[in-house]
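Shown next, in structure tokens, is the structure this report addresses.
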Amino acid sequence: MIETPNSKATELLSIVDFFAIKGKAVDIAPFGSGHINDTYKVRTESKGGPNYMLQRINNHVFKNVEHLMHNIELVCNHIKKKLIVSGETNIQEKTLTPIPTKEGKLFFNDAKNNYWRIFILIENTKTYDIVETAQQAGEGGRAFGKFQAMLADLNPHDVYEVIPNFLNIASRLRDFKDAANKNAAKRMAEVVHEIDFIQHRENKMNTILNMASKSQIPLRITHNDTKFNNVLLNKEDRAQCVVDLDTVMPGYVAYDFGDAIRTIINSAAEDEADLDKIKLNIPLFEAYTVGYLETAHQFLYPMEINSLVDGVLLLPYMQMIRFLTDYLNGDTYYKVSHPTHNLQRTKAQMRLVIEIEKHEQLLRDIVKKAANLYLS
Ligand code: GN1
Ligand code: MG
């Protein structure tokens, strides 16, 4: 059968029909810019009822959808309770609400073995791939700090490690070396310089794992995908909701801080082709840090605050390795929009590492200064 846009929409709407949504779904269209799942906006015809977000979960990446949805339900319910206790209203606009199927399951497994889920759509919000103002950066910091703070009383072992060793640099380096040895896509010759760059830094990127192994920093429940576009902001650029909870897992706070800064401090896109456009925006770093510590300082240990800049050094380096590994494997993990997209992403993250390394001491001084605002 030839698939027309209409038959695709009809097929998607028939999937929506398995879920216990309010009102009748009348329209569906692609939505968002994630690299892993497929996301659609579902419009309903109902008086005052919500619209929805349908997602096809990438089952190649998230192998155990049951565990994934367990984590999301647990975290969303916990956050909901916290928001209610703190007197917040319009809770459905401030945290994700998964909608069960008519049979009461949190996902639907179709005949083609695709996995689907639905959330209430949070309307009238904005996301930014590149942060523009200190106000936005500060809001991002407050949002992710509050997110971690609300989960700080849960036991990290109550959530599954849905992707084992997701942000474990030792494991990422092993995968990278495997990919280099296999050279499946025959691309090794193109990336000699990048490989050298990675190897040169292997030892110094162990700081967070070392602190953890000495029990100097605790395992917590972290978001693990704190790109700035995973915070929804309202019309006034106030943070409204943290989204994309697929990778909520046990982790270290420096991972979330580092991944957020990876996108916030960079004045260019994650995959910028013109490397000279990749510059650090230090005032945005400062704004994020002050915002983050405002909502997180109450639960953080001093050693965790000390580890934050280690996360800032680590996360772009790890992202570079992840993109390069995928390039070497022949683009099997991330969605790509052209054949050298993963290589372009690799080079952009590498340039970001170089820029961050040049400014490491300045970043450490800023964190210290910001921490003093709250700890003295
Ligand atoms: C992926 O799907 P998306 O765009 O939210 C990835 C993150 C990376 C990010 C890089 C499960 O996130 O870890 O940091 O791309 N998610 C997964 O943009 O691997
Ligand atoms: Mg994601």
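Small disclaimer: the values here were computed from a predicted structure and weren't measured. Note that ligands are numbered from 1 as they come in the structure, with each ligand's atoms numbered from 1 the same way.
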### Presence of salt bridge, Arg238 and Glu139, under 4.0 angstrom
yes
### Query
Charged N to carboxylate O below 4.0 Å: is that the case for Asp153 and Lys82?
yes
### Message
Need the ligand 1 atom indices (1-based, order shown) with element for anything under 4.0 Å from a heavy-atom of Phe62.
### Response
11 (C)
### Query
Of all residues at least two apart in sequence or in a different chain, which pass the salt bridge (Lys or Arg N to Asp or Glu O under 4.0 Å) check with Glu88?
Lys94, Lys146
### Task
Could you name each residue pair satisfying side-chain hydrogen bond (donor to acceptor under 3.5 Å, both in side chains) that touches residues 164-184, not counting sequence neighbours?
Lys177-Glu202
### Message
Using a plain distance cutoff, I'd like to know if Asp259 has any nitrogen or oxygen under 3.5 Å from a nitrogen or oxygen of ligand 1.
### Response
no
### Message
Under 4.0 Å between a side-chain nitrogen and a carboxylate oxygen: does that hold for Lys227 and Asp244?
### Response
no
#### Entry: Polar proximity ligand 1 side, Arg322 side, N/O cut 3.5 Å exclusive
yes
#### Entry: ligand 1 to His35 polar contact by distance, N or O atoms, under 3.5 Å
yes
### Message
Counting only nitrogen or oxygen atoms and a 3.5 angstrom limit, does Asp244 reach ligand 1?
### Response
yes
### Message
Under a 4.0 angstrom heavy-atom cut-off, which atoms of ligand 1 come close to Thr247?
### Response
11 (C)
#### Entry: Carboxylate-amine/guanidinium proximity below 4.0 Å for Glu286 and Lys369
yes
#### Entry: Proximal ligand 1 atoms for Ile36, defined as those under 4.0 Å from one of its heavy atoms
1 (C), 2 (O), 16 (N), 17 (C), 19 (O)
### Summary
For Tyr333, the ligand 1 atoms with a heavy-atom partner under 4.0 Å come out as 11 (C), 17 (C), 19 (O)
### Query
At a non-hydrogen distance cut-off of under 4.0 Å, which region of Arg262 contacts ligand 1 (side chain, backbone, both, or neither)?
side chain
### Message
Any carboxylate oxygen within less than 4.0 angstrom of a Lys/Arg side-chain nitrogen, looking at Arg345 and Glu272?
### Response
no
### Task
Output the list of atoms in ligand 1 that are nearer than 4.0 Å to some heavy atom of Glu270, sorted by atom number.
10 (C), 18 (O)
